[in-house]
Number of protein chains: 2
Amino acid sequence: MMQKKATLNAQPRSDNRLNLLDAAARRFCSRSYYGKSMRDIASDVGIKAGSIYYCFESKKELLIAVQKEGIRRITSLVSTAIATANTPWDRLQAAMISNLQEILSGNDYAQVVIRELPRIDDPRRRRLIDARNKYDLIFIKPIKDLEIGSEIKCYQIRFLIMGAMNWSPMWFKSDGQSPEEIAKGFLN
Amino acid sequence: MMQKKATLNAQPRSDNRLNLLDAAARRFCSRSYYGKSMRDIASDVGIKAGSIYYCFESKKELLIAVQKEGIRRITSLVSTAIATANTPWDRLQAAMISNLQEILSGNDYAQVVIRELPRIDDPRRRRLIDARNKYDLIFIKPIKDLEIGSEIKCYQIRFLIMGAMNWSPMWFKSDGQSPEEIAKGFLN
DNA sequence: GTCTATAGGTAGATAGAC
DNA sequence: GTCTATCTACCTATAGAC
């Protein structure tokens with residue numbers, strides 16, 4: 001699908017696939033998947049709509065790619081953060097901080113996973129949901145290790161924490177509390 | 001805009017304005033404001049797209065009406081629930097239970113407020129946001145009355161609780177925990 | 001790798017009949 | 001109140017030039 005070498009008469013733009021993903025994430029986030037056109041996304045990276053189809057075979061493919069990348073990024077960041085902490089409490093806090101950092105970073109990938117995944121209708125959605133569920137499970141172990149209640153209780157706590165985090169973009173102000181402060185505030 | 005009497009040759013449908021609001025709420029919820037057409041909404045109530053414009057002068061007007069009604073409903077329900085409880089703790093719990101009942105009821109109005117309000121671009125959005133902020137404030141008083149921390153702490157708790165509630169439609173299963181159980185679970 | 005041109009479909013909205 | 005018919009605009013996607 002992608003060629004290794006640019007032809008001589010092509011303009012010297014570095015890999016537009018990534019630029020397109022960034023633009024799509026931004027656009028899908030601000031007005032939903034259905035609310036922004038291929039023309040909008042293309043114009044953000046300085047090309048025409050038809051050219052997107054060199055990298056992505058359809059609009060839905062573009063959405064799936066954004067979501068796949070979004071899950072990959074946040075999973076990677078949070079896993080790393082957890083690995084560097086020693087106690088269950090620190091692991092939970094580290095996971096929350098890096099999760100919030102990614103969600104509130106303004107790159108919009110995570111939000112497209114969060115907000116658009118439940119309503120896309122596509123066979124590949126199943127795999128994405130599995131990947132997101134797997135991501136959500138990262139949080140359950142540190143909570144269980146806190147040993148503060150039954151298994152049901154642990155899941156309730158996880159729903160509480162993850163819901164609050166997933167919702168935070170709605171009220172977050174970049175001149176207010178930092179992700180660290182928000183995470184610590186949630187944990188008392 | 002609306003007439004009081006139906007003409008004789010009109011079909012005997014009772015006020016379609018409400019039916020249209022219900023259908024719009026459902027559709028805007030499932031595929032976003034941009035993802036569903038006036039034709040889709042019209043067909044849900046058994047009329048043609050052009051006929052919607054007898055009740056609503058534009059698609060955006062229809063969205064605004066859904067959101068206005070959504071805020072009105074949940075404000076009314078939660079205010080009433082709070083008024084029937086006696087202690088701060090009971091008031092907070094009553095507010096959470098009725099908030100969750102409305103959000104998880106399946107009528108979709110609340111979710112259109114929650115999910116679509118941040119991204120519509122319209123002068124009237126300001127008023128809706130004010131109304132929703134006023135609604136959010138309903139929760140702050142019971143939390144403050146609990147006297148468990150500083151004002152900042154109270155707002156952190158509110159963000160935690162409201163975020164978790166607003167997010168609950170994503171994982172709620174109608175054969176699982178009830179809104180009461182979820183609210184009590186969040187409150188420990 | 002990006003362009004232009006365009007096919008083929010659907011969108012929101014309006015006008016006028018009934 | 002709802003219909004049909006229609007306008008204009010925009011959409012996704014493709015084909016072929018460069």
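Everything numeric here is computed off the predicted structure, so don't read it as measured data. Below, all heavy atoms of this structure are taken into account, side chains as well, without hydrogens, waters or symmetry copies. Letters A, B, ... are given to chains in the order of the sequence lines, protein chains preceding strands, and every chain is numbered from 1.
Tested against B/Asp122 for a side-chain hydrogen bond (donor to acceptor under 3.5 Å, both in side chains), the candidates B/Arg125, B/Arg124, B/Arg126 yield a single pass: B/Arg124.
The distance between atom CD of B/Glu57 and atom P of C/dA13, rounded to the nearest whole Å, is 9 Å. Between B/Glu61 atom CD and C/dG12 atom P the separation is 15 Å, expressed in whole Å. Look at CE on A/Met38: it is 10 Å from P on D/dT14, rounded to the nearest Å.
Between B/Asp15 and B/Arg17 there is no salt bridge, since none of the side-chain N atoms of the basic residue sits less than 4.0 Å from a carboxylate O of the acidic one. Between B/Asp145 and B/Lys141 there is a salt bridge, with a side-chain nitrogen of the basic residue lying less than 4.0 Å from a carboxylate oxygen of the acidic one.
Between B/Leu62 and B/Leu21 the shortest side-chain heavy-atom distance falls below 4.5 Å.
When the side-chain nitrogen and oxygen atoms of B/Asn16 are compared with OP1 and OP2 of D/dT2, one or more of them lie within a distance under 4.0 Å.
Taking A/Ser105 as the reference, A/Asn107 meet the side chain to side chain donor-acceptor pair (under 3.5 Å) condition, with sequence neighbours excluded. Taking A/Arg72 as the reference, A/Glu69 meet the salt bridge (charged side-chain N to carboxylate O under 4.0 Å, His left out) condition, with sequence neighbours excluded.
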Q: Sugar-phosphate atoms are those with a prime plus P, OP1 and OP2; base atoms are the rest. Using that split, label each nucleotide of nucleotides 4-10 of chain C B, S or - for protein heavy atoms under 4.0 Å, 5' to 3'.
A: B------
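Residues A/Lys60 and B/Leu20 both approach DNA chain D. Their nearest nucleotides, taken by heavy-atom distance, put B/Leu20 toward the 5′ side.
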